[in-house]
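Reviewing the structure listed below.
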Amino acid sequence: MQNRNLLSLPDACTLRKATSGDIWSIRYLVFSAKLDPTQIYWQQFWVIECDGKIVACGQLRNFPNAQELGSLVVASAWRGRGLGSFLTQHLISCATQPLYLECLGQRLAKFYRRFGFVPIGFQELPRSLQSKFRWSELGRKLHIVPVVFMQKVDG
Ligand SMILES: CC(C)(COP(=O)(O)OP(=O)(O)OC[C@H]1O[C@@H](n2cnc3c(N)ncnc32)[C@H](O)[C@@H]1OP(=O)(O)O)[C@@H](O)C(=O)NCCC(=O)NCCS
């Protein structure tokens, strides 16, 4: 396992809170990655800007007594350089409630495991997230989507 405390960004890149002017870049990233299009409010997002361009985004969605790490996207030309890991670790550090996510497939589940997320069953999700994820759960049960629900555990 890589030491995630040593994560850093390439020189040309900065992490910052999103502003209203970033909304179309955020929408474009989320849309092009075919991710959940709900709750795309710039106020909830963090972005990574490289050479004046938004190349990554991610957010914490708020639910009663829970948060969801979502909308994590790195533009394809910038993948594999640690941006996604940096942003994930930052979002985790911003979380103020028990943190959950849903992802598709074992490769992504392995990615999130590195940051202390563990797979959980649908029944272990808080009620607020069960109602959000009920269609994903149906798709999983019917073997249509390989969705994995995960919870951040301490440590
Ligand atoms: C997942 C994602 C955010 C990772 O960003 P990144 O900047 O490339 O990640 P890092 O460079 O920090 O780390 C690389 C790791 O990301 C994961 N990863 C990279 N590309 C991936 C892909 N297409 N699918 C799943 N995981 C991927 C791998 O675990 C990889 O580690 P490995 O090289 O040991 O296999 C990026 O691939 C992406 O935007 N994918 C499309 C959108 C998406 O699926 N988001 C997650 C929603 S739950």
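Since the model is a prediction, treat every value here as computed from it, not as a measurement. Ligands are counted one by one from 1 in listed order, and the atoms in each one are counted from 1 as well.
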Looking only at N/O atoms, are [X] and ligand 1 under 3.5 Å apart anywhere?
X      : result
Gly82  : yes
Phe86  : no
Tyr112 : no
Gly80  : yes
Trp78  : no
Glu102 : no

Applying side chain to side chain contact (heavy atoms under 4.5 Å, CB included) between Val55 and each of Val47, Leu83, Val73, Val74, report the one that passes.
-> Leu83

For ligand 1, which part of Met150 has a heavy atom less than 4.0 Å away: the side chain, the backbone, both, or neither?
-> neither

Could you tell me whether Asp22 and Arg16 make a salt bridge, using a distance below 4.0 angstrom between a side-chain N and a carboxylate O?
-> yes

Salt bridge or not for Arg134 and Glu137, using N-O below 4.0 Å?
-> no

Do Leu99 and Leu35 share a hydrophobic cluster (ILVMFWY, side-chain heavy atoms under 4.5 Å, transitive)?
-> no

Connected via hydrophobic side-chain network under 4.5 Å: Leu104 and Leu29 |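 No, no single cluster joins them.
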
Go through Gln43 and Lys17 one step at a time and tell me if the side chain to side chain contact (heavy atoms under 4.5 Å, CB included) criterion holds.
-> CA-CA 8 Å; Gln43 293 89 339; Lys17 260 187 105 54; over 6 Å; no

Which atoms of ligand 1 have any heavy atom of Ser85 under 4.0 Å away?
->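 Close to Ser85: 10 (P), 12 (O), 13 (O).
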
What are the atoms of ligand 1, with element, lying closer than 4.0 Å to any heavy atom of Arg81?
->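 Checking each atom against Arg81, I get 11 (O).
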
Where the closest heavy atom to atom 43 (C) of ligand 1 is concerned, which of Val148, Val73, Leu72 has it?
-> Leu72

Name the option, out of Lys110, Arg113, Arg107, that contains the heavy atom nearest to atom 19 (C) of ligand 1.
->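 Nearest option to atom 19 (C) of ligand 1, by heavy atoms: Arg107.
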
Taking the six-membered ring for Trp, are the ring centroids of Tyr41 and Phe45 within less than 6.0 Å of each other?
->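 No, ring centres 6.0 Å or more apart.
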
Whether Phe149 and Phe122 hold their rings parallel, tilted or perpendicular, with breakpoints at 30° and 60° |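 Correct class here is tilted.
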
